[in-house]
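To keep things clear, I will list the structure first and then write my remarks on it.
Letters A, B, ... are given to chains in the order of the sequence lines, protein chains preceding strands, and every chain is numbered from 1. Predicted, not measured: the structure shown is a model, and the values here were computed from it.
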Protein chains: 2
Amino acid sequence: MGHESRVTLADVAERAGVSVSTASLAFSGSGPVSEATRERVHAAAAALGYGGPDPRARSLRRGRSGIVGVVLEERVRSAFLDPVKIQMLDGITDGIAPLDAGLLLLTETIESSVGLDSAPVDAVVLIGCSPRLEESVDRLRRRGIPTVAIEGTPAPDIVTVGIDNRDATRRGAQHLRDLGHTRVQVVALPADPERTRGRFDADFAGSPLADTMTERLAGAREVFPGITGWYGRASSIEEGLEGGRRLLGDVDPDDRPTAIIAQSDLLAAGVIRAAEELGIRVPEDLSVLGFDGIRPDGLETDLTTLVQPSIEKGRAAGAAVVRMLAGEQPPNVDFTSVLHVGATTAPPGSPVE
Amino acid sequence: MGHESRVTLADVAERAGVSVSTASLAFSGSGPVSEATRERVHAAAAALGYGGPDPRARSLRRGRSGIVGVVLEERVRSAFLDPVKIQMLDGITDGIAPLDAGLLLLTETIESSVGLDSAPVDAVVLIGCSPRLEESVDRLRRRGIPTVAIEGTPAPDIVTVGIDNRDATRRGAQHLRDLGHTRVQVVALPADPERTRGRFDADFAGSPLADTMTERLAGAREVFPGITGWYGRASSIEEGLEGGRRLLGDVDPDDRPTAIIAQSDLLAAGVIRAAEELGIRVPEDLSVLGFDGIRPDGLETDLTTLVQPSIEKGRAAGAAVVRMLAGEQPPNVDFTSVLHVGATTAPPGSPVE
DNA sequence: TATCGTAGTCGAAACGATTCGATTCGGTGT
DNA sequence: ACACCGAATCGAATCGTTTCGACTACGATA
C-alpha cells in the first residue's frame, strides 16, 4: 500500500469542500481562515493520511528551501575527527538557529562535486575550503547563493571569517625565542592540494592556495627567518607523529631542534608522541607549541598552544548567513587567538624538575 | 546586481534558439541531443550566467531531492561529542555513497520538530532515536518516506539496525562473575525522555522507550538478578563521573561495589575518574566494564568493554536506505558485539601487581 | 439607507524544471 | 521511387504549492 498516487493538497481541499488556496492557508497559517474551516481541513487531511505540504513544491514556490549547506573539504569521517571542525559546525548551528534551517553536509568530492550545485541550499558555508573549490565558488556566485568561507581565501561576493593566523603564530614563536630557543622547526598543515607530505626548506613559498598553512608559516618566519620543517597530509595525530619522527629521529642529536612549532594541536600531539618514542623529554629536551586550543584525544599534558575561538568562528559564519539571507551584506570577520602557556614549553636544555 | 529575475532554462533555450525541452536534455544528458546543439546550449548558458537547473524545480518534478536526513535526538553539539554517533554518521555516508546524496542533519527539537516534516528528504535515518519520536515516525510513514532506525524500537514499515545489547551485556557481566565479583552495580544510559538522573533499584522496569538502556540492563540482570544502580542524563564522561561518585562515594566502604557495569565507554571513563578522585584503584579495588569500544578522550588505560561495530551499523543503515529507495524492502539487521578484555577488570580485592 | 472596511474564500497564475508522445527529416533497404 | 526507421527536436502537460487580486457577505459607520 502507498505507492499509488500520493495525496495532495488538492485532494484534501476537495474532501473538505474548500478551494485549494484555502486549504493551503489552513496549513501555512499565513492569511485569514475561519477556525471552523481550519478544523475541517485538518480533519480531511487526517482522514486522507495527508502528511502536510510537500517540501519540494513548497520550496520551489517560495524560493527558499530552509537548508544551509556546509562544505567540508575532506571526507566526512576525517572532518569529524578534527575537533576544530566540530566546534565550528556547532557554532554554525548556533548561528543559523534563527533560520531554523537544516544543515546539509556536503563534501568536496573529486571533480564535479555533484552535490554542491545540485543541492537545494539557500546558502553555503565553506569550512577550511581548499583551493580546488574555486570553480564551485564560482558556480555558487553565479547562482546567487550567499556564501561564507571560514578560513578561506577572500573573494568578491563572499564573506570570510578568519583568525590572525600569521600574527598569532608570530607571538607563539616569540614565546619560544624568549625562552631561548634558536633551533626551531615546523610541523605544518598540508601544503598542497594533492595532499602529499614532505620536508620543506627555507625557500619554500607555501602554496598560494593553502592559505592557513602559509600564513602560519609566515608568522613563524617573522621570528625565525630561515625556519624549515615538514608538512603533513592532514591535521592529525598520525601525521604529527610522522613529522616528529622525521624531524627528531633522522638527525644528529646535536642538530636536533629544541623546539617544534606545530600548526595544529593534533599535529602537536603527534610530535609529542614521537618524542616519547625517541626518548626525548617534553619540555626538558623539546618544547612543543600547538595551535587551536582543543584537547587532543589521549594527550594528558597541558599543551602550550594558540587558542582560537572555533565555536565563535562558526557562530559568526552562521550569523553572516542569516544576514545575507536578509538581504544585507555583512562584513568579513576576523578573530584573535591567544597564547596559552601550558606545560610543553620550557627553556632549551632545562633540567628535570 | 543579481537580484533581478533569475535566469531560467527558458531564457537559455531562447538564446540558443532551441526549445526548452531540448535545452533540458542538453543539460541532463538523458535523451538524444546532437553535439552541436549541446554546445550551443551550453554557450548560451555561459553567456547568460546560467548556473544549471534549479534543484528545487528539478526535485519537484523528479520526486527526489537527493537528500537523506539524519535525525539526532539531541543537540547537534552533543551528538558530535559522542564518538559512537560520529562513527555511525561516517558509516552512513559510506553506505549511501551510491546515491551520491547529501546528509541533512536534523535534530529532534522540542515539539513540532519543524525540520522533520518540512525537510525535502528522500529518506531518513534515525540515530539512537528517542521515544518522543514516535509521532514523527508516524508522519514520515504517512508521507511514505523510507525510514531506518539505528538502535530504535522496531516498528512496522521501518527498518531497524541494532546490536545484541542484552546478550552482549550478559557476556560482559559473566566475565565479571567469572572473576569472582558479586557486589556489582550499573551506571546506565538515560532511562527516561525527560532526561533526569538518579538511582534505580532492583524492581526498576526501565522505560519501554529507552530501549538500549533497558536491554543492556536486562542482560546484566541475567547474571546479577537484583542489580541496582544509577542512570545518567546522557552518555558522557561527566555523567559517568557523577554516577561513580554516588555509587562509590556515598556508601560504607564494605558495601561498596567491587565492579561497575557502565553502559557506555564514556560513562565508564567517568566512573574511572570518580574512582581516582576517591582514591579507589582500578582494577585492584574496582573493576569497570564499558560498552562501545571507542577510546574515550583522556582515558589512557585500556578499557575492558563490549566492542560494537558502530561504523558497520551506519553503513548497514545507509545500505538499507539505498535499497529502500530502489523499491526493495530490506530486512532488519543485527550486529554482534565482542568482549574486549582490557586492563580495567580483575578479580576483586586483587593485590597490586 | 447608502457606504465602507474587513474577514473569509476562491480562481488562476506563477515557480522552473522534466518527460511523454508527436513531429520532422535525412537516409536505407528493396 | 516508396515505405520505413531512428535520431533530433519540439509542445504541452505535469509536479504540488503559494500567493495575488478579485469577489462575497456582513456588521459598522455616517
For A/Ser24, which contact category applies under a 4.0 Å heavy-atom criterion: base, sugar-phosphate, or nothing?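 Base, at least one base atom sits under 4.0 Å.
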
Taking [atom1] from [X] and [atom2] from [N], how many angstroms apart are they, rounded to a whole number?
X: A/Arg6; N: D/dC15; atom1: CZ; atom2: P; value: 11 Å
X: A/Leu25; N: D/dG16; atom1: CG; atom2: P; value: 20 Å
X: B/Glu14; N: D/dG11; atom1: CD; atom2: P; value: 12 Å

Rounded to the nearest 0.5 Å, how far apart are CG of B/Asp138 and CD1 of B/Ile158?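 Between atom CG of B/Asp138 and atom CD1 of B/Ile158 there are 10.5 Å.
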
Using chain B heavy atoms and a threshold of under 4.0 Å, write down where along DNA chain C the contacts begin and end, 5' to 3'.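 The footprint of chain B covers C/dG16 to C/dT19.
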
Hey, is the main chain of [Y] close enough, under 3.5 Å, to the side chain of [X] for a donor-acceptor pair?
X: B/Asp11; Y: B/Thr8; result: yes
X: B/Asn332; Y: B/Thr160; result: yes
X: A/Arg40; Y: A/Ala16; result: yes
X: A/Glu312; Y: A/Met88; result: no
X: A/Ser28; Y: A/Ser24; result: yes

Where at least one partner belongs to residues 56-70 of chain B, residue pairs that pass side chain to side chain donor-acceptor pair (under 3.5 Å), sequence neighbours excluded: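 Qualifying pairs: B/Ser65-B/Asp122.
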
Are B/Asp54 and B/Arg6 within salt-bridge range, i.e. N to O under 4.0 Å?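 B/Arg6 and B/Asp54: salt-bridged.
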
A/Pro330: which of A/Val159, A/Val321, A/Val148, A/Val322 passes side chain to side chain contact (heavy atoms under 4.5 Å, CB included):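 So the option named by the test is A/Val159.
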
Quick one, which residues of residues 27-47 of chain A touch DNA chain C with a heavy atom under 4.0 Å?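 Under 4.0 Å from DNA chain C: A/Pro32, A/Val33, A/Ser34, A/Thr37.
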
Which ones in residues 56-65 of chain A lie close to DNA chain C, meaning a heavy atom under 4.0 Å from one of its atoms?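 Contacting residues: A/Leu60, A/Arg61.
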
Is B/Leu105 close to A/Leu105 at the side-chain level, that is, under 4.5 Å between some pair of heavy atoms?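 In contact.
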
So A/Leu106 and A/Val70, do their side chains get closer than 4.5 Å, heavy atoms only?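 Of all side-chain heavy-atom pairs linking A/Leu106 with A/Val70, none is under 4.5 Å.
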
Under the salt bridge (Lys or Arg N to Asp or Glu O under 4.0 Å) rule, what pairs show up with a residue in residues 21-37 of chain A, not counting sequence neighbours?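 Salt bridge (Lys or Arg N to Asp or Glu O under 4.0 Å) check on residues 21-37 of chain A returns A/Glu35-A/Arg38.
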
Using five pairs at each end of the helix from C/dT1-D/dA30 to C/dT30-D/dA1 to define an axis, what is the angle between those two axes, to 10°?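 If I round to tens, the end axes sit 40° apart.
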
D/dC10 OP1/OP2 closer than 4.0 Å to side-chain N/O of B/Ser19: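 Yes.
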
Where is the tightest heavy-atom contact between A/Val125 and A/Ala317, given as atom of each residue plus distance?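 Result for this residue pair: CG1-CB, 4.2 Å.
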
